[in-house]
Amino acid sequence: MNVSTAGITPPSLFPRPVLGSTPMPVQNLNAELNGPQLEAVTTLEGPVLIIAGAGSGKTRVITYRIAHMLERGIPQHAVLALTFTNKAAREMESRVKELTGRKLQSLTVSTFHAFGVKILREEIEVLGYRKNFSIYDETDRNQLIKDSLRECKVSPDGVDLYKLGQVFSSVKIGALRWGEGANSAFQPVYDEYQQGLKIFNALDFDDLLALPIELFETHPEILEKYRRRYRYIMVDEFQDTSFIQYQLMKLLADQNICVVGDDDQSIYSWRGANYENILMFERDFPGTREIKLEQNYRSTSTILEAANGVISNNTNRKEKTLWSGNGGGKPIELFHPQNESEEADFIAARIRELRIQEQLRYEDFGVLIRTNSMTRNIEEAFLAENIPYRVSGGTSFFQRKEIKDVLSYLRVIANHDDDVNLLRIINTPRRGIGKTAVMELSELAKKNGSGIWAALDAFNRAAAHGQGTFGDLDPLFQDKGRLEIDGFIALIEGFREEILGRKNSLSRNVRSLVDKIDYWSYLVTEHSKNDKVARWKFLNIDSLIRSIETWENNPDTADTGLYAYLNRVSLITGSDDGPEEEGLGKVNLMTIHASKGLEFPVVFIAGAEDGIIPHSRSVEEGGDIEEERRLFYVAITRARDKLYITSCLRRKKMQGADESSPSPFLAEIPGHLIEYHEGEKKVENGEAEDYFALIKSKFA
DNA sequence: ATCGAGCAGCTTTTT
DNA sequence: GCTGCTCGAT
């Protein structure tokens, strides 16, 4: 990490030269890598399967491998590295940049989904969509499903939208078929949903993978183009690759394909991940060179031994022996707090204490939880103790209503046919186009087989000419609604011209858009009782606009247009940070899922209780207990030096009893590694004052 | 017909 | 504790 020279901050609006831009050629591979790592880095030709245990330097291997490729003269554009999360992609890219000191122009490092988008933005027209397609997230998609249900006259009562969405997803990625696992009663709804997407020129997340495959299968010449380009492909977190991702990879890959994974860390099967594709890979790519990375560089042997103790209870795994050259280390501390707030206080107190005693920084702590909802208590404790923290996961910045509203405007400006987003904003802020009007317009759109926008437009034009072509529409509405619709169309069209004309920067246009629709007044009226909320939401919008600014001014941003922006922002989800999230100097609070691939000197696993890890839902739904165990394994192996596990005796639950019992997985940790923590040590008054003095001096 | 207040249901993990 | 939805008031 580059330490920015203290006190001197360059004006950040201007492109900065890359720090340490002297190329740092990777010549001393032998000295920097162990045997298997070296083999993994230098075996560039042919299929390679790398089984990389936790903490075995996987990221290091991948980045060195890419650097080595470039060193050997393989052109950047021929290299494709696919990752699982945006975070991982960003991290990999910046590490390669750091390592090679090169400017990365045509190297492709992205998630499967982002890669799908990249292809579709180029080629989708042959599939009958337009290039300005919208991308629907969970919320958008649920909205469309809801509309489809209504359209099919299926009562939405008793239908779990979320679950139905998962069924749709499973069907789309080929995991289920109608009548086989998917209730065929919903097939018409699915068809309606699909038709909706097509009319709205919108894609859901699954389409981002399914459509490229369709494209490649129906247009071999296009596939050929990409196969010729990407001659070196790497896939990270291969164990979390779904079958559809595997198919996409297989279509593209020729011979030089390298996948990296660890079956013990497969924790996404609920999303269609299938670690058996490790086996599939060996079948599909004969002559695969298998390389095992088994030396753990991360954790103390105490932590590793605990992790091994747990994971060895899984039956279905590839045999491997992870060993550590690091010393024994401190015992794992187990604490049974009375309830979740004592748990949170314990964690906060320990962090405060250790930071001073062990000279640690806030970012050295990772607090891992099973569900996003568990952040609340811990956040409260952090706030009370003045501990800076950052949460990843949960409702991300981009899911907040006010942000979605603004982005919906942008999406509609970009793609008029995007009904879900159009409907979101057509009366937000209120502009007198209410429910009935929208219903009428939907009818009209339906009749014309178009989207709402086309209906608005048609209505507007016809009404302007005083034509009575809308016999079905309420005549009253025709008179009153006309002006409103007129205004709305003018608003959107006006900003479309403005933004696409690019006379001003996007951020500036967005600011004037927010002004123009008077979102502030809207917030104030919506939250008349609580102007703090209104203020907070407006600040969020402000920081959205500032993040657009930052993005525009970033020298790495090739295209600062609307489409490029939406493209980027549509793929940001859960575990991605909102604008200006700076990880430094903050405790990391996140779900175990989000923690994969990260490491911290000190880790807390909170809520290690039966019903949480393993999660009761997962057990009930015929989930895989072994996957829950892997999840716990992932959590343990995030720790470098010190691991705390807390398991509450009582926890407030949605339904059912308060009593909690410890996670059965705790018993799988060899007893001699554990030290029980008896109650909270009361901080003496004098000591407390010392802390205050110290903390104060830090903030001074 | 539109808007506002109060109510219900929710919380497994993510692209 | 937050969002979205329904019903009643205007």
Side-chain angles (χ1 to χ4, degrees), chain A residues 82-89 110-117 135-139 141-143 146 156-157 160-163 166 169 173 203-209 237 240-242 244-245 266-273 368-377 379-380 392-396 399-401 404 424 427 429-440 474 476-477 480-481 484 525-530 533 570-576 590-596 607 611-621 623 627-628 630-631 634-635 652-655:
Chain A
L82 293 168
T83 63
F84 194 61
T85 61
N86 297 307
K87 205 197 272 169
S110 78
T111 62
F112 271 98
H113 291 82
F115 180 64
V117 173
I135 299 168
Y136 280 2
D137 67 10
E138 207 94 336
T139 319
R141 178 236 234 167
N142 280 355
Q143 190 60 48
K146 210 182 297 168
D157 305 332
D160 184 338
L161 277 180
Y162 180 76
K163 262 194 182 152
Q166 291 205 315
S169 173
I173 65 174
L203 309 185
D204 63 20
F205 277 133
D206 300 310
D207 286 324
L208 302 181
L209 305 172
E237 305 287 8
D240 286 326
T241 303
S242 64
I244 194 170
Q245 289 170 325
S266 160
I267 53 177
Y268 284 97
S269 72
W270 49 274
R271 237 191 78 177
L368 310 186
I369 64 256
R370 173 65 220 266
T371 68
N372 283 308
S373 55
M374 291 169 70
T375 55
R376 177 141 297 128
N377 292 296
E379 284 192 71
E380 276 168 17
S392 18
T395 38
S396 91
Q399 308 257 40
R400 293 174 211 258
K401 191 184 174 304
K404 285 217 78 156
R424 189 181 183 94
N427 205 28
R430 309 251 125 92
R431 56 170 66 85
I433 307 178
K435 214 170 168 182
T436 322
V438 168
M439 286 247 293
E440 304 268 22
D474 183 342
L476 263 176
F477 168 70
K480 200 154 65 73
E484 317 290 1
T525 39
E526 286 295 290
H527 304 277
S528 44
K529 284 191 199 141
N530 197 342
V533 177
S570 302
L571 292 169
I572 294 181
T573 52
S575 69
D576 286 289
M590 63 182 77
T591 63
I592 301 172
H593 283 88
S595 76
K596 202 171 61 157
I612 297 181
I613 321 176
H615 200 278
S616 48
R617 282 265 179 126
S618 145
V619 179
E620 282 159 24
E621 283 170 18
E627 173 145 324
E628 295 288 312
R630 288 193 292 270
L631 195 56
V634 167
K652 235 198 276 164
K653 288 177 186 141
M654 265 306 152
Q655 335 110 305

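Just so it is clear: chains get the letters A, B, ... in the order the sequence lines come, proteins before strands, and each one is counted from 1.
- When all heavy atoms are compared, the tightest approach of I267(A) to H593(A) is O-NE2, 3.1 Å.
- In this structure, L571(A) places its CG atom 10 Å from P of dT15(B), rounding to the nearest Å.
- The main-chain N or O of T83(A) is never found under 3.5 Å from a side-chain atom of E237(A) such that the two would form a donor-acceptor pair.
- L571(A) CG to T85(A) OG1: the interatomic distance, rounded to the nearest 0.5 Å, is 12.5 Å.
- Judged by distance alone with a 3.5 Å cut-off, no donor-acceptor contact links the side chain of T371(A) to the base of dT12(B).
- Rounding to whole angstrom units, CD1 of residue I612(A) and P of dT13(B) are separated by 12 Å.
- Between R376(A) atom CZ and dC10(B) atom P the separation is 17 Å, expressed in whole Å.
- Judged by distance alone, with hydrogens and angles left aside, H615(A) brings no side-chain donor or acceptor close enough to the base of dT12(B) to form a pair under 3.5 Å.
- For dT13(B), the OP1/OP2 oxygens have a side-chain nitrogen or oxygen of N372(A) closer than 4.0 Å.
- One can place CE of M374(A) at 11 Å from C1' of dT12(B), the figure rounded to the nearest angstrom.
- Comparing dT12(B), dT14(B), dG1(C) against the side chain of R370(A) picks out dT12(B) as the nearest.
- Interatomic distance, CG of N372(A) versus CE of M590(A), reported as 11.5 Å (0.5 Å rounding).
- Put simply, the side chain of N142(A) never gets that close to the backbone of T139(A): no donor and acceptor are under 3.5 Å apart.
- A search for side chain to side chain donor-acceptor pair (under 3.5 Å) contacts involving S269(A) returns E627(A), not counting sequence neighbours.
- To the nearest 0.5 Å, atoms CD1 (I173(A)) and CG (L209(A)) are separated by 8.5 Å.
- Here the side chain of H113(A) is nearest to one of dT14(B), dT13(B), dT15(B), namely dT15(B).
- Atom CG in L82(A) sits roughly 13 Å away from atom C1' in dT15(B) (whole-Å rounding).
- Considering only side-chain N and O atoms, N86(A) lies nowhere under 4.0 angstrom from the phosphate OP1 or OP2 of dT14(B).
- A straight line from CZ of R141(A) to C1' of dT15(B) spans 11 Å, rounded to a whole angstrom.
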Using the 3.5 Å cut-off, write out each protein N or O paired with an N or O of nucleotides 3-5 of chain C and the distance between them.
| unit_1 | atom_1 | unit_2 | atom_2 | d |
| --- | --- | --- | --- | --- |
| dC5(C) | OP1 | K146(A) | NZ | 2.3 |

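- Among the atoms of the strands shown, only primed sugar atoms or phosphate atoms (P, OP1, OP2) are found under 4.0 Å from some heavy atom of F84(A).
- Using a 4.0 Å cut-off, some side-chain N or O of T591(A) falls inside it from OP1 or OP2 of dT14(B).
- Between the CG atom of N427(A) and the C1' atom of dA1(B) there is a distance of 11 Å, rounded to whole Å.
- The side chain of Y268(A) approaches dT14(B) more closely than any other nucleotide in the set dT14(B), dT12(B), dT15(B).
- Per the geometry, CD belonging to Q166(A) stands 11 Å off P belonging to dT12(B), to the nearest Å.
- In this structure, D206(A) reaches neither bases nor backbone, as no heavy-atom distance under 4.0 Å exists between it and the strands shown.
- With sequence neighbours excluded, the residues forming a salt bridge (charged side-chain N to carboxylate O under 4.0 Å, His left out) with R141(A) are E138(A), D206(A), listed by chain and number.
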